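Accompanying notes for the structure given below.
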Amino acid sequence: MNISILGCGWLGLPLAKNLVEAGQVVKGSTTTLDKMARLREEGITPYQIKLFTDGVQGDLESFLSETEVLIIDIPPGLRKDPDADFVGKIGKLKGYLEKSSVEKVIFISSTSVYEDREDFPVYTEEKEANVTAENSQQLIAAEEVLRSSDKFSTTIIRFGGLIGPGRHPINFLSQKKNNKNAVSPVNLIHLDDCVGIIKSVLEKGLWDEVINAVYPEHPPKEIYYTRVAEEKNLALPHFDLQHPSKGKVVESVKVQQLLGYNFQKEI
């Protein structure tokens with residue numbers, strides 16, 4: 001299978017390496033020139049590509065040439081630039097995709113598309129994305145841009161909070177005072193399970209689906225992050241207990257029922 005990964009970052013690079021080790025032909029993109037050599041060393045055919053609303057920097061046509069499956073794992077960048085037009089970038093990409101050999105797309109999305117509330121609603125894949133925040137609304141719109149095409153099939157994977165090597169929320173929560181939402185449930189997933197679930201979608205051929213991907217345990221934030229801080233010998237996080245917590249529980253029904261996937265890493 002010829003696979004291209006748009007965005008070889010914290011998740012995309014380990015995924016690409018894993019697919020290469022499994023015998024797949026993999027192209028990978030980065031926005032920085034200095035990372036090209038790293039991709040090449042890992043057996044990934046490297047491309048320097050950056051999307052804009054009015055065009056593309058890099059040889060996107062060659063990147064997509066002979067590609068059967070495209071995995072899109074690029075951050076919206078809306079925290080750094082609230083005025084960024086992520087939907088416009090995905091719309092520009094869609095135009096290239098519809099002229100390419102790509103038949104299947106996996107779009108890496110987020111459980112942030114579901115609204116947090118004080119009653120901690122439970123969201124399965126049957127629930128509609130309902131968030132009102134502008135940045136997450138752009139994510140929902142980007143999903144729809146890809147799913148609206150009749151030239152390729154798109155599966156959306158909505159990952160929970162990502163944890164793994166060098167990445168865990170406790171690293172900044174332990175340094176802050178009055179962290180919010182003390183009793184809200186956590187919705188997290190380890191990098192290894194992200195890679196495993198994406199590979200399972202490829203192996204099972206699960207297309208035209210929306211999939212939630214979150215570890216199936218949801219302890220309250222204060223309890224969970226206090227335990228993790230103790231395990232890592234970090235300062236215990238301080239939570240604001242005076243104000244109501246908002247949150248949600250995201251359930252990964254399709255991961256277990258359609259993919260038959262068993263989570264490998266506890267949170």
Side-chain angles (χ1 to χ4, degrees), residues 5-7 9-12 15 50-54 56 69-98 102 104-162 169 180-181 184-189 194 197-198 201 206-215 218 246-255 258-259:
I5 301 176
L6 186 65
W10 186 83
L11 167 58
L15 172 63
K50 192 168 184 178
L51 299 181
F52 300 91
T53 55
D54 57 354
V56 177
V69 178
L70 174 68
I71 300 170
I72 304 171
D73 182 28
I74 53 176
L78 295 166
R79 289 184 180 179
K80 292 181 179 179
D81 181 9
D83 297 323
D85 183 5
F86 184 64
V87 181
K89 292 178 183 179
I90 296 300
K92 179 63 66 174
L93 173 62
K94 177 186 175 185
Y96 281 85
L97 286 175
E98 292 185 330
V102 173
K104 312 292 185 184
V105 171
I106 295 176
F107 180 68
I108 304 304
S109 188
S110 166
T111 56
S112 66
V113 300
Y114 300 120
E115 191 76 73
D116 292 330
R117 297 202 315 248
E118 291 182 12
D119 60 344
F120 304 156
V122 176
Y123 295 102
T124 68
E125 292 91 346
E126 301 305 315
K127 301 287 187 178
E128 293 292 330
N130 61 349
V131 75
T132 56
E134 169 63 24
N135 55 348
S136 295
Q137 283 190 333
Q138 282 215 50
L139 201 53
I140 296 170
E143 292 179 359
E144 292 305 315
V145 166
L146 294 168
R147 295 181 70 196
S148 68
S149 178
D150 59 3
K151 301 294 185 182
F152 53 84
S153 298
T154 299
T155 284
I156 308 294
I157 305 180
R158 294 171 175 166
F159 284 123
L162 304 177
K180 297 180 180 180
N181 304 315
S184 66
V186 301
N187 295 280
L188 300 172
I189 185 169
C194 294
I197 288 168
I198 293 169
V201 168
L206 192 63
W207 304 111
D208 291 316
E209 293 283 358
V210 174
I211 300 171
N212 293 338
V214 177
Y215 189 77
H218 308 275
K246 290 185 177 182
K248 62 198 169 214
V249 172
V250 180
E251 293 189 347
S252 305
V253 175
K254 292 182 181 179
V255 165
L258 299 185
L259 293 178

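The model shown is predicted, which means the values in this text are computed figures rather than measured ones. FYI, the numbering just counts along the sequence from 1.
E125 meets the salt bridge (charged side-chain N to carboxylate O under 4.0 Å, His left out) test with no other residue; sequence neighbours excluded. Qualifying side-chain contact (heavy atoms from CB on, under 4.5 Å) partners for V87, counting only residues two or more places apart in sequence or in other chains: D85, Q138, A141, V145. Among residues two or more places apart in sequence or in another chain, the side-chain contact (heavy atoms from CB on, under 4.5 Å) test is passed with S149 by K94, E98, K151, F152. Shown here are the salt bridge (charged side-chain N to carboxylate O under 4.0 Å, His left out) partners of K248, two or more places apart in sequence or in another chain: D116. When the side chain to side chain donor-acceptor pair (under 3.5 Å) test is applied to S109, the partners found at least two apart in sequence or on another chain are E143. Taking D119 as the reference, R117 meet the side chain to side chain donor-acceptor pair (under 3.5 Å) condition, with sequence neighbours excluded. Residues that satisfy the side-chain contact (heavy atoms from CB on, under 4.5 Å) test with S184, not counting sequence neighbours, are F120, N181, K221, S245. With sequence neighbours excluded, the residues satisfying salt bridge (charged side-chain N to carboxylate O under 4.0 Å, His left out) with K254 are E209. Remark: S112 engages S110, S136 in a side chain to side chain donor-acceptor pair (under 3.5 Å) (not counting sequence neighbours). With sequence neighbours left out, L162 forms a side-chain contact (heavy atoms from CB on, under 4.5 Å) with W10, F159, R167, I189, C194. Judged as a side chain to side chain donor-acceptor pair (under 3.5 Å), and not counting sequence neighbours, the contacts of E115 are T132.
One distance of note links CG of L15 with CD1 of I106; it measures 8.0 Å at 0.5 Å rounding. For the atom pair NZ of K92 and CD1 of I90, the computed distance is 12.5 Å after rounding to the nearest 0.5 Å. Within the model, atoms OG1 of T111 and CD1 of I157 stand 13.0 Å from one another, a figure rounded to the nearest 0.5 Å. Taking CD1 of I71 as the start and OG1 of T155 as the end, the distance is 11.0 Å to the nearest 0.5 Å. Atom CZ of R158 is separated from atom CZ of F107 by 10.0 Å, given to the nearest 0.5 angstrom. Distance check, rounded to the nearest 0.5 Å: CG of D54 to CG of L51 gives 11.0 Å.
The shortest non-hydrogen separation linking V255 to L259 is O-CB, 3.2 Å. When all heavy atoms are compared, the tightest approach of V250 to N187 is N-OD1, 2.8 Å.
With hydrogens and angles ignored, the 3.5 Å screen pairs no side-chain donor or acceptor of H218 with any backbone N or O of P185. No side-chain donor-acceptor contact under 3.5 Å links D208 to the backbone of S153. For the pair T124 (side chain) and V253 (backbone), a donor-acceptor distance under 3.5 Å is absent. Using a distance-only test at 3.5 Å, with no hydrogens or angles considered, a donor-acceptor pair links the side chain of N212 to the main chain of E251.
Residue pairs meeting the ring pair (Phe, Tyr, Trp, His ring centres under 6.0 Å) criterion with at least one member in residues 123-143, sequence neighbours excluded: Y114-Y123.
Between K104 and L70 there is no side-chain heavy-atom pair separated by less than 4.5 Å.
Across I5, I108, L146, a single residue satisfies side-chain contact (heavy atoms from CB on, under 4.5 Å) together with I72, and that is L146.
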